[in-house]
Amino acid sequence: MAERIGLNTVVLHSRPRISAFAAVGGAMEAGGLLNGKLARVFDDDTLGQDSWEKAEAILQQAAAESALYRARLSTKDVDLHFAGDLLGQCSASMFGSRGLGIPFAGLYGACSTMALSLASAAIAIESGAARTALAGTSSHFCAAEKQFRQPLEYGGQRPPTAQWTATAAGACLLQGGELQGDVLPPIITQICLGSVTDLGIKDAHNMGAAMAPAAANTIGAFLRDTQSIPGDYDLILTGDLGSVGSDLLRQLLLQDWGVDLSDRHNDCGLMLYSQEQPNEINAGASGCGCSAAVLCGDILPRIAAGELRRVLFIATGALLSSVSSLQGESIPAIAHAVLIESGT
Amino acid sequence: MKTTAEKYKTMVEQSSPNSPLLKNMAKAFVGGGTVCVLGELLAMLYARLGAGEELVRMLVPVTLIALTALLTAIGVYDKIARHAGAGTIVPITGFANAIASPAMEFQTEGRILGTGANIFRLAGPVLVYGGGAAVLYGIIYWLFAR
């Protein structure tokens with residue numbers, strides 16, 4: 001049974017395991033850190049579809065199917081599916097799941113969705129509501145630009161604080177019960193859901209700054225509840241703060257919580273693309289698919305291989321609405337943390 | 001003590017790199033200048049072909065608009081504008097791109113409610129306030145300078 005410790009953290013005693021995981025992405029995403037690590041690479045950013053929205057739905061479906069394939073399971077074996085994305089009404093998740101026939105719970109946590117869906121699936125497993133659950137998310141550069149910014153072919157300049165939405169998706173298959181076989185998959189041992197945080201940032205081209213306070217609060221609360229220090233973890237991995245947000249996170253944690261992240265911290269937004277890639281990546285990568293693909297394509301395999309043993313994964317989301325920002329509202333943000341450990 | 005919104009604002013300003021203003025301005029100067037030179041060359045060409053002054057004044061912007069729409073359609077314009085910035089936004093090329101790009105983007109929602117409803121999504125404010133300013137100027141002119 002799950003146990004609440006401190007104010008915000010939940011310990012999962014049944015050790016839900018991530019028995020399969022898969023990341024998929026576009027050509028640009030396959031060119032950096034995830035070179036050779038993606039289950040499927042889509043060289044054409046339309047994915048053979050006639051709209052960006054449909055293309056993103058295919059991304060999400062491909063990630064879910066790849067995770068199921070790797071687990072040697074069919075959709076009938078999955079009890080619950082948690083997924084979300086950035087598009088209105090989470091449409092990429094809805095259409096991506098349409099053909100799967102798995103009981104579905106749509107989530108909205110902006111770019112924090114990978115951690116939110118993992119946490120939801122882990123709680124479902126822990127409670128016994130599901131024996132097998134799927135968690136996933138996606139983002140598509142062109143679909144996100146169309147919804148939140150300008151048309152793709154519009155000739156504007158992006159400031160240095162802007163980030164590049166990843167065209168990628170990730171999915172994890174979680175299972176409970178007794179482990180069969182001698183492979184030891186990564187397990188989820190603790191989760192910490194964050195609260196909506198807003199320090200008044202209004203610049204939609206500086207999402208890292210909007211999200212850093214939420215990340216700092218969730219990390220601070222988690223370390224306080226678990227009475228641990230950054231040195232107790234091999235990696236403290238934030239979702240998509242980029243260079244500006246990562247810098248602000250370190251400052252906030254030091255000022256507000258007395259926590260020095262030092263060399264334990266890295267950010268998926270800084271990891272996904274390599275600096276030599278041609279596009280205007282500016283402050284780094286972003287989007288639900290950024291942290292999902294880095295986690296499922298690089299981090300989870302390294303945990304499974306025993307290279308990393310304890311990773312605190314904090315996906316961060318800017319809850320930006322194109323309506324509220326026009327009405328002068330600032331950008332609320334959220335961050336959810338999941339502690340993933342090596343199964344040994 | 002928790003960081004206040006006010007203090008955080010200062011921290012964000014310090015941590016966020018500024019746009020390279022001098023470099024951007026230099027590139028905008030060259031980009032905008034190139035558009036103007038192109039306009040002059042077109043004017044000279046049309047005049048040599050025998051067009052009168054009135055006709056030249058109409059043909060030059062029409063050519064620039066058509067060229068922009070073509071470059072937008074083949075995905076080249078945004079790559080030029082990424083560097084030229086205001087140099088391509090301020091001339092008529094920017095206006096043409098602001099109409100062509102949403103027209104392309106919203107094709108997937110159909111000709112009427114997609115392209116038709118969204119074509120002035122970016123240029124709409126320019127039309128509304130440009131038209132409004134022209135009316136206001138017209139009234140002032142009619143009242144005082146007739």
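Just so it is clear, the model here is predicted, and its values are computed rather than measured. In what follows, every heavy atom counts, from backbone to side chain, and hydrogens, waters and symmetry copies are set aside. Throughout, protein chains are lettered first and strands after them, A, B, ... in sequence-line order, and every chain is numbered starting at 1.
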Return the CD to SG distance between Glu105(B) and Cys142(A), rounded to the nearest 0.5 Å. 7.5 Å
So what's closer than 4.5 Å to chain B heavy atoms on Asp198(A): side chain, backbone, both or neither? neither
Under 4.5 Å from any heavy atom of chain A, what part of Lys27(B) do you find: side chain, backbone, both or neither? neither
Answer yes if the side chains of Ser101(B) and Gln150(A) hold a donor-acceptor pair under 3.5 Å, and no otherwise. no
Can you give me the closest heavy-atom contact between Asp50(A) and Thr108(B), atom names plus distance? O-CG2, 2.9 Å
Select one option (side chain, backbone, both, neither) describing which atoms of Ser15(B) are under 4.5 Å from chain A's heavy atoms. both
To the nearest 0.5 Å, what is the distance between CG (Asp247(A)) and CE (Met11(B))? 8.5 Å
Of Ala212(A), Gly200(A), Pro213(A), the largest count of non-hydrogen pairs under 4.5 angstrom with chain B goes to Pro213(A)
Nearest 0.5 Å, what's the CD-OG1 distance between Gln251(A) and Thr3(B)? 9.0 Å
What pair of heavy atoms forms the shortest contact from Pro17(B) to Val244(A), and how long is it? CD-CG2, 3.7 Å
Asn24(B) versus chain A, the contacting section by heavy-atom distance below 4.5 Å: side chain
Which distance, rounded to the nearest 0.5 Å, do you find between the NE2 of His83(B) and the CD of Glu280(A)? 7.0 Å
For Ile89(B) and Tyr154(A), work out which heavy atoms get closest and say how close. CD1-OH, 4.5 Å
How long is the span from the OG atom in Ser19(B) to the CZ atom in Arg158(A), to the nearest 0.5 Å? 12.0 Å
For Asn97(B) and Glu153(A), indicate whether the former's side chain and the latter's backbone hold a donor-acceptor pair under 3.5 Å. yes
Please state whether the side chain, the backbone, both or neither of Met104(B) comes within less than 4.5 Å of a heavy atom of chain A. side chain
Can you tell which part of Glu109(B) gets under 4.5 Å to a heavy atom of chain A, answering side chain, backbone, both or neither? side chain
Just checking, any donor-acceptor pair under 3.5 angstrom between side chains of Lys2(B) and Gln255(A)? no
Count the heavy atoms belonging to other residues, nucleotides or ligands that lie under 6.0 Å from CD of Glu54(B), then report whether that count exceeds 12. no
Can you tell me if CG on Leu143(B) sees more than 12 non-hydrogen neighbours from other groups inside 6.0 Å? yes
Test side-chain contact (heavy atoms from CB on, under 4.5 Å) on Lys146(A) and Phe106(B); report intermediate values, then the result. CA-CA 9 Å; Lys146(A) 179 178 173 181; Phe106(B) 292 94; 3.7 Å; yes
So which part of Leu71(B) gets closer than 4.5 Å to some heavy atom of chain A, the side chain, the backbone, both or neither? neither
Given the options Ala81(B), Ala98(B), Ser16(B), which has more heavy-atom pairs under 4.5 Å with chain A than any of the others? Ser16(B)
Using 0.5 Å steps for rounding, measure from the OH atom of Tyr8(B) to the CG atom of Leu248(A). 4.0 Å
So for atom CG, which belongs to Leu49(B), do other residues, nucleotides or ligands contribute more than 12 heavy atoms lying within a distance under 6.0 Å? yes
